[in-house]
Novice: 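Quick one: structure below, then a few questions.
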Number of protein chains: 2
Amino acid sequence: MKYIDKLRNSGLRPTKQRLQICEVLFNVEKTFHFTINELEQKIKDKTDNKISLATVYNTVHAFEKKGYLKQIPINSNQTYFDTNVTDHHHFYDLNDQKLIDLENSDVGPINIKKKINGKKIKSVEVLVKLED
Amino acid sequence: MKYIDKLRNSGLRPTKQRLQICEVLFNVEKTFHFTINELEQKIKDKTDNKISLATVYNTVHAFEKKGYLKQIPINSNQTYFDTNVTDHHHFYDLNDQKLIDLENSDVGPINIKKKINGKKIKSVEVLVKLED
DNA sequence: ACACTTATTTAGAACCATTATAAACTACCC
DNA sequence: GGGTAGTTTATAATGGTTCTAAATAAGTGT
Ligand SMILES: [Mn+2]
Ligand SMILES: [Mn+2]
Ligand SMILES: [Zn+2]
Ligand SMILES: [Zn+2]
């Protein structure tokens, strides 16, 4: 199986639950954005046996730590995650509460001129809020 | 008093509590970022009588709605607000969990080329994450 | 296969920032 | 002053997330 090695190489045991979550998250055409609750629902739809909510949280955080997921900084009552871990930007539709990817070519390079002593830039993300 | 008119003109009654919060938020040299808990602490430090936590929440949301404050989109367990309501960007220091303003001149103009049908751009914000 | 160790899963409890409630209070208008 | 709508307040409720600790499963060595 393609995810067994991925997990083992990351020091994560390839459990049945983790492999099922890998299927839902990564074995799809397009990357996508999700909350924990939305992921839980997808898992229920796709698989017969249920995975406990605690395991969903544990797994998402483990994958985030390994760089297979990232959090999207947005003000919402739920945390948003992204299966697209490349550097990219977002539209956030305030009416529909929907996130849409922006390609880097849609924004162009961003040159941060200010420097902070002893700190390095980890990421540069643009959030474009949309309304009707 | 300078905040009485500001509040009345916004359709907000200039109560003692709101005026005190105005002093803390706006009667200072520099704009700043805060969480509700940090604001509550500042209020305690500055004034003798206490303002209930519910009123702090109510007031911050009322001021946000009127455009006197804005929320900063960031992943934290607490919501961050900004007394600088002009368009500007932020450094977020992941180690210290501190927000620092970036001037527009520090980033340069950002040209969003992609358009979404029937939606207009409300804001464009850059978040630059820093680490040691 | 077996025993042993360590990682993981799980249900449920705990946590805690935020929001809702509803009664007391206050600003405003006549 | 009297009436009304807006505001404050203590407190409860909400709900996403994290913690706990016991059960289970995976890896390792023999
Ligand atoms: Mn996390
Ligand atoms: Mn708000
Ligand atoms: Zn994305
Ligand atoms: Zn700011």
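In what follows, chains are A, B, ... by sequence order, proteins preceding strands, each numbered from 1. The shown structure was predicted, so the numbers you read here are calculated from the model rather than taken from an experiment.
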Novice: Indicate yes or no: at least one non-hydrogen side-chain atom of Phe81(B) is less than 4.5 angstrom from one of Thr79(B).
Specialist: yes
Novice: Whether Arg18(B) contacts dT7(D) is assessed here as follows: a side-chain N or O lying under 4.0 Å from the phosphate OP1 or OP2. Is that the case?
Specialist: yes
Novice: Atom CG of Asn58(B) to atom C1' of dT11(D): distance rounded to whole Å?
Specialist: 14 Å
Novice: Look at the side chain of Ala54(B) and decide which nucleotide, out of dT10(C), dA20(C), dG16(D), has an atom nearest to it.
Specialist: dA20(C)
Novice: Need to verify one output field. Residue with the more 5' nearest nucleotide on DNA chain C, Ser52(A) or Arg13(A)?
Specialist: Arg13(A)
Novice: Grab the CG-P distance between Asn9(B) and dC28(C) for me, whole Å please.
Specialist: 12 Å
Novice: Counting heavy atoms from C-beta on, name the nucleotide in dG16(D), dT10(C), dA17(C) closest to the side chain of Tyr57(B).
Specialist: dA17(C)
Novice: Rounding to an integer number of Å, can you tell me how far Gln20(A) CD sits from dT8(C) P?
Specialist: 16 Å
Novice: Ignoring backbone atoms, establish whether Lys50(A) has a side-chain N or O less than 4.0 Å from OP1 or OP2 of dA11(C).
Specialist: yes
Novice: Among dT9(C), dT9(D), dT17(D), which is the nearest nucleotide to the side chain of Gln17(A)?
Specialist: dT9(C)
Novice: Write down the distance between CG (Asn75(A)) and C1' (dT18(C)), rounded to a whole number of angstrom.
Specialist: 13 Å
Novice: Hey, can you tell me if His90(B) and His33(B) have their rings parallel, tilted or perpendicular (30° and 60° cut-offs)?
Specialist: perpendicular
Novice: Verify the contact: side-chain N or O of Thr79(A) to OP1 or OP2 of dT17(D), cut-off strictly under 4.0 Å; return yes or no.
Specialist: yes
Novice: Among dA17(C), dA27(C), dA25(D), which nucleotide sits nearest the side chain of Pro14(B)?
Specialist: dA27(C)
Novice: May I have the distance from Lys16(B) (atom NZ) to dA27(C) (atom P), rounded to whole angstrom?
Specialist: 9 Å
Novice: When you look at Gln41(A) and Asn37(A), which way does the side-chain hydrogen bond (donor to acceptor under 3.5 Å, both in side chains) test go after all the steps?
Specialist: CA-CA 6 Å; Gln41(A) 193 54 54; Asn37(A) 284 338; over 6 Å; no
Novice: Looking only at side-chain N and O atoms, does His61(B) come under 4.0 Å of OP1 or OP2 in dT18(C)?
Specialist: no
Novice: Whole angstroms only, please: what is the CG-C1' distance between Asn49(B) and dA10(D)?
Specialist: 16 Å
Novice: Around atom NZ of Lys98(B), are there more than 12 heavy atoms from other residues, nucleotides or ligands closer than 6.0 Å?
Specialist: no
Novice: Looking only at the side chains, is there a donor atom on one of Asn84(A) and Thr86(A) sitting less than 3.5 Å from an acceptor on the other?
Specialist: yes
Novice: Whole Å only: how far is the CG atom of Asn77(A) from the P atom of dT17(D)?
Specialist: 8 Å
Novice: Please state how far atom CG in Leu53(A) lies from atom P in dA13(C), giving the value in whole angstrom units.
Specialist: 15 Å
Novice: Which part of the nucleic acid, if any, lies within reach of Thr15(B) when heavy atoms closer than 4.0 Å are counted: base, sugar-phosphate only, or nothing?
Specialist: sugar-phosphate
Novice: Would you mind classifying the nucleic acid contact of Thr35(A) as base, sugar-phosphate or nothing, using non-hydrogen atoms under 4.0 angstrom?
Specialist: nothing
Novice: Counting only side-chain heavy atoms from C-beta out, which of dT18(D), dT10(C), dG16(D) sits nearest to Ile51(A)?
Specialist: dT10(C)
